[in-house]
Amino acid sequence: MNRMLAGTLLVAMCALPALASAAKPAPKTLARGELPAGFAIGDASPSLALQVEVVDGKVVASAPAGDAPGNLRAARSGDATQTTLMVSSTLAEAVKFDLYVSTDGEQFTYTSSCGVTPGISSFEMWEKPVTHFAIGNPRVLPKGRMACD
């Protein structure tokens, strides 16, 4: 009986990832000109930044920082086989953002990203050369919730 139960459990556990991946939507790819307004777009070298304004725990304004340092920053590093993006924030609240990546600077694919906690950098990694990024839509995370999606 234990062997039968163990075999059933193993089959059920193996089936779960297939079910989960079947429900996952395909990555959203946009042309550079289709990216939402307010996104900072570039190669993140030396950095790519947003200037974010938070009032009463909510983002009330956000814009690409241009040449200014901004308070939500992303910096790329890596080589021909791997890319790392370090995201940091000087905001007092934990923030989440939308992130798109590109290998050619023209087609951008949405990717998951982790929220950034004040004083702690977040690292995103890809096993391929990523040359351009688009970061935007920042939002304050609820206290105690660190999202990576």
Side-chain angles (χ1 to χ4, degrees), residues 9-10 12-149:
L9 182 58
L10 179 60
M13 288 174 63
C14 290
L16 286 177
L19 291 174
S21 65
K24 198 174 203 177
K28 183 177 183 180
T29 300
L30 300 172
R32 185 183 188 104
E34 297 173 323
L35 288 165
F39 271 64
I41 305 166
D43 63 9
S45 182
S47 69
L48 185 61
L50 291 174
Q51 184 62 41
V52 181
E53 184 180 345
V54 177
V55 175
D56 295 329
K58 291 189 175 21
V59 172
V60 295
S62 170
D67 291 335
N71 53 15
L72 180 61
R73 291 183 294 280
R76 177 177 55 89
S77 63
D79 56 29
T81 61
Q82 181 177 326
T83 304
T84 301
L85 187 70
M86 180 185 75
V87 183
S88 60
S89 169
T90 58
L91 295 164
E93 297 86 358
V95 292
K96 178 75 174 88
F97 51 90
D98 290 344
L99 179 63
Y100 288 81
V101 297
S102 175
T103 57
D104 65 4
E106 295 302 321
Q107 295 294 314
F108 287 78
T109 302
Y110 181 85
T111 187
S112 63
S113 60
C114 293
V116 181
T117 302
I120 300 174
S121 295
S122 169
F123 293 86
E124 308 292 339
M125 295 164 72
W126 299 269
E127 294 296 325
K128 63 181 179 181
V130 176
T131 60
H132 288 79
F133 302 88
I135 185 171
N137 189 29
R139 54 224 177 255
V140 174
L141 284 171
K143 298 282 186 223
R145 182 172 182 273
M146 213 48 195
C148 290
D149 54 7

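In this chain, residues are counted from 1 in sequence order.
A pairwise comparison of heavy atoms in L50 and G38 identifies CD2-O, 3.7 Å as the closest pair. Taking each heavy atom of P118 and A92 in turn, the nearest pair found is CG-O, 3.2 Å.
Contacts of F133 classified as ring-ring contact (aromatic ring centres under 6.0 Å, His included), with partners at least two apart in sequence or in another chain: W126. Partners of R139 according to the salt bridge (charged side-chain N to carboxylate O under 4.0 Å, His left out) rule, which considers only residues two or more places apart in sequence or in another chain, are D98. In this view, S102 and D104 satisfy the side chain to side chain donor-acceptor pair (under 3.5 Å) rule, not counting sequence neighbours.
A heavy-atom distance below 4.5 Å is not found between the side chains of N137 and P36. When side chains are defined from C-beta on, E124 does not count as touching T111, because their heavy atoms never get closer than 4.5 Å.
When each of C114, S89, S113 is checked for a side-chain contact (heavy atoms from CB on, under 4.5 Å) with S122, only C114 meets the rule.
Annotation: the span from I41 atom CD1 to F108 atom CZ amounts to 6.0 Å, rounded to 0.5 Å. In this structure, the separation between CG on L35 and OH on Y100 is 6.5 Å, given to the nearest 0.5 Å. Expressed to the nearest 0.5 Å, how far OG of S88 lies from CZ of F123 amounts to 9.0 Å. In this structure, CD1 on I135 lies 9.0 Å from OG on S62, to the nearest 0.5 angstrom.
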Which pairs would a plain distance check flag for residues 79-86, meaning a side-chain donor or acceptor within less than 3.5 Å of a matching protein atom at least two apart in sequence or in another chain?
residue	atom	partner	partner atom	Å
D79	OD1	T81	N	2.8
D79	OD1	T81	OG1	2.9
D79	OD1	Q82	N	3.0
T83	OG1	K128	O	2.7
T83	OG1	V130	N	2.8

Just list the side-chain donor-acceptor pairs under 3.5 Å for residues 69-77, sequence neighbours left out, or say none.
residue	atom	partner	partner atom	Å
N71	OD1	V52	N	2.8
N71	ND2	V52	O	2.8
R73	NH1	G70	O	2.6
R76	NE	D43	O	2.9

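Counting only residues at least two apart or in different chains, salt bridge (Lys or Arg N to Asp or Glu O under 4.0 Å) contacts with residues 47-62 are absent.
In this structure, K96 contributes its side chain and C148 its backbone to no donor-acceptor pair below 3.5 Å.
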